[in-house]
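Structure record follows, encoded as structure tokens.
One-based numbering, in listed order, for ligands and for the atoms of each. Hydrogens, waters and symmetry mates are skipped; everything else that's a heavy atom, side chains included, is used. Residue numbers start at 1 and run along the sequence shown.
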Amino acid sequence: MFDLPKSVVLEDESLRDGLQIEKAQLSVEEIIQFIKGMEAAGVRRIQVGSFVHPKWVPQMANTDQVFQELERRPDVIYTALVLNQKGLERAIKCNVSHLSVSISASETHSQKNTNRSLAESLVQIREMVLGSVAAGITTRAGIQSAFGCAYEGAISVDVVCDIARLYDSLGAHEINLADTAGLGNPRSIFDLVTGVRAVISPGIKLSLHLHDTRGLGLANMVAGLQAGVSNFDTSLGGLGGCPFIPKAAGNIATEDAVYALQEMGVETGIGWRKLADLAIKLEERLGHPLPGRLAHLPRAA
Ligand code: ZN
């Protein structure tokens with residue numbers, strides 16, 4: 001039987017995962033306008049930015065200011081990424097109620113991305129999850145390159161499950177499995193989700209972050225649905241990539257995911273047409289086309 005959840009929550013990550021690889025620097029006002037546009041379309045989970053050092057990711061330098069100036073709606077979750085203690089302190093100062101932390105399951109990706117070994121990352125992430133949970137923040141702990149690594153290829157299921165168990169034991173509220181390199185396929189998504197689900201507490205949420213580098217993003221989302229996942233990361237227009245993985249594509253486009261879910265009878269609360277218009281605005285601002293499909297279809301279609 002083709003079992004699907006009744007409803008799905010999408011977290012749009014275009015303003016963080018997407019913008020961090022762009023040359024253009026959006027102003028605080030522009031970022032807030034895009035957030036408002038997404039809210040108007042029905043998006044209820046938005047990753048606003050990241051509290052990282054502006055020297056490494058200058059596009060995210062205004063995240064503190066965005067949080068300070070943004071009028072936060074009670075029905076919307078505004079989240080951000082933090083990578084270290086300093087970032088966590090900044091997030092707490094900005095009253096952020098929902099945070100993402102993450103490490104890579106791949107030794108090489110970890111070294112390239114953070115200059116830390118996997119063992120060092122495990123020590124550091126422990127403090128991060130504990131600190132975030134202790135601050136009363138809903139904490140999502142992520143595992144990058146869970147479905148394969150651009151440098152190493154296959155990643156051991158045991159390594160991913162061990163990290164998931166650690167997150168669970170530290171009190172994380174949600175575990176995010178990320179196909180950072182876009183190497184997952186519907187079968188590997190289904191199998192890993194099922195494998196991780198079996199080793200963590202039933203109450204902890206599982207979400208998927210699916211880069212569409214090889215065109216399998218939406219098929220992978222459907223495999224995730226079949227495995228019982230009802231939280232997915234997406235990106236307006238499919239914006240994004242990874243500065244440390246050459247030719248990486250962005251996440252599945254939010255509007256395309258909404259359309260696919262709607263056509264399968266799964267509720268998201270989001271209107272894809274409004275999002276498609278917003279994706280076009282984003283393209284215009286960034287000065288290049290985005291890979292999403294629905295935004296480029298003629299209006300009558
Ligand atoms: Zn990503």
Evaluate Ser14 against Asp12 for side chain to side chain donor-acceptor pair (under 3.5 Å), listing each step before the verdict.
CA-CA 6 Å; Ser14 48; Asp12 187 282; 2.4 Å; yes

Could you walk me through whether Gln124 and Glu120 pass side chain to side chain donor-acceptor pair (under 3.5 Å), step by step?
CA-CA 6 Å; Gln124 201 245 4; Glu120 288 166 333; over 6 Å; no

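Between Phe67 and Phe51, the angle of the ring planes stays under 30°, which puts this pair in the parallel group of the 30/60° scheme.
When only modelled atom types and interatomic distance are considered, Ser132 and Thr139 share a side-chain donor-acceptor pair under 3.5 Å.
Using a 4.5 Å heavy-atom threshold, the side chains of Val222 and Ile189 count as separate.
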Solution key, residues 80-90 side-chain donor-acceptor pairs under 3.5 Å, sequence neighbours excluded:
residue	atom	partner	partner atom	Å
Asn84	OD1	Lys86	N	3.4
Asn84	OD1	Gly87	N	2.8
Arg90	NE	Asp64	OD1	3.4
Arg90	NE	Asp64	OD2	3.1
Arg90	NH1	Val52	O	3.1
Arg90	NH2	Asp64	OD1	2.7

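Neighbours of the Zn ion (ligand 1) restricted to protein N, O or S atoms under 2.8 Å: the count is 3.
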